[in-house]
Peer 1: 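First, the structure itself, so that you have it in front of you.
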Amino acid sequence: MSRLDSFIRRMTAQRDILNQVAALALLPESGAILELGLGNGRTYSHLREVFPDRRIVAFDRALMAHSSCIPEDNNLVLGEISETARTCIGSDAAMVHADIGSGSDKVDAVTLQWLPSLMADLLATGGIAMSGLPLDTEKLVALPIPESIDSKRYFLYRKI
Ligand SMILES: C[S@@+](CC[C@H](N)C(=O)[O-])C[C@H]1O[C@@H](n2cnc3c(N)ncnc32)[C@H](O)[C@@H]1O
């Protein structure tokens, strides 16, 4: 598969799953959305559209987002997510989305040593985890994603 096709598949999966989460009202009534990996801000932009009333806090190593997708200072956290996101444990997020896969199995294996438990710990009970990497932890139960999306391409969970 070309890198263009792979990119389109990832973006389509994110959009369609976010639309499903919104349409089925899967989020708990309160709590912020945490966007791990702001990047260019495309997903952040969609999150703002489909969840206009939620606080959205974005994390990244450095700010590289399009000028229209830069969060307010108090909703932007820069640094290594494995360290910075820990400061939000206990805030009972309604949803955590992570798009921090690297395309390298070796790098992703290191990320997967800390990401699943961190995402679960950030969430309120009943909160939603969405990720481009699989989250293997007993604290999360898998939810169905739209049939059009390859079940190994993107992952959706609820915290139990
Ligand atoms: C694939 S991009 C995210 C793209 C984003 N969904 C968008 O719509 O533009 C991944 C981002 O996560 C950041 N990132 C990956 N691993 C990280 C880590 N461990 N700590 C902080 N930022 C990280 C990278 O700097 C990059 O900007």
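Numbering of ligands and ligand atoms starts at 1, following listing order. Counting begins at 1 with the first residue of the sequence.
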Peer 1: Testing the basics here: between A85 and L36, what is the closest heavy-atom pair and its distance to 0.1 Å?
Peer 2: CB-CD2, 4.5 Å

Peer 1: Could you give the N/O to N/O pairs under 3.5 Å linking ligand 1 and the protein, each with its distance?
Peer 2:
from	atom 1	to	atom 2	distance (Å)
ligand 1	6 (N)	T43	OG1	2.8
ligand 1	6 (N)	D99	OD2	2.7
ligand 1	8 (O)	R42	N	3.0
ligand 1	8 (O)	T43	N	2.8
ligand 1	8 (O)	T43	OG1	2.9
ligand 1	9 (O)	N40	N	2.9
ligand 1	9 (O)	G41	N	3.1
ligand 1	19 (N)	R61	NH2	3.4
ligand 1	19 (N)	E80	OE1	3.2
ligand 1	20 (N)	I81	N	3.0
ligand 1	22 (N)	R61	N	3.2
ligand 1	25 (O)	D60	OD1	2.6
ligand 1	27 (O)	D60	OD1	3.3
ligand 1	27 (O)	D60	OD2	2.7

Peer 1: Would you please test M95 and F51 for side-chain contact (heavy atoms from CB on, under 4.5 Å) and show each step?
Peer 2: CA-CA 11 Å; M95 179 163 83; F51 301 109; 4.0 Å; yes

Peer 1: Please assess V77 against V57 for the test side-chain contact (heavy atoms from CB on, under 4.5 Å), listing each intermediate value before the final yes or no.
Peer 2: CA-CA 7 Å; V77 185; V57 184; 4.0 Å; yes

Peer 1: Taking distance alone, no hydrogens or angles, what donor-acceptor pairs closer than 3.5 Å link side-chain atoms of residues 38-49 to residues at least two apart or in another chain?
Peer 2:
from	atom 1	to	atom 2	distance (Å)
T43	OG1	Q14	OE1	2.5
H46	NE2	N19	OD1	2.8
R48	NH2	S68	O	2.6

Peer 1: Listing request: all side chain to side chain donor-acceptor pair (under 3.5 Å) pairs with a residue in residues 52-61, at least two apart in sequence or in separate chains.
Peer 2: R55-N75, R61-E80

Peer 1: Return a table of donor-acceptor pairs under 3.5 angstrom between the side chains of residues 112-134 and protein atoms on other chains or two or more places apart.
Peer 2:
from	atom 1	to	atom 2	distance (Å)
D121	OD1	K139	NZ	2.9
S131	OG	L133	N	2.9
S131	OG	L133	O	2.6

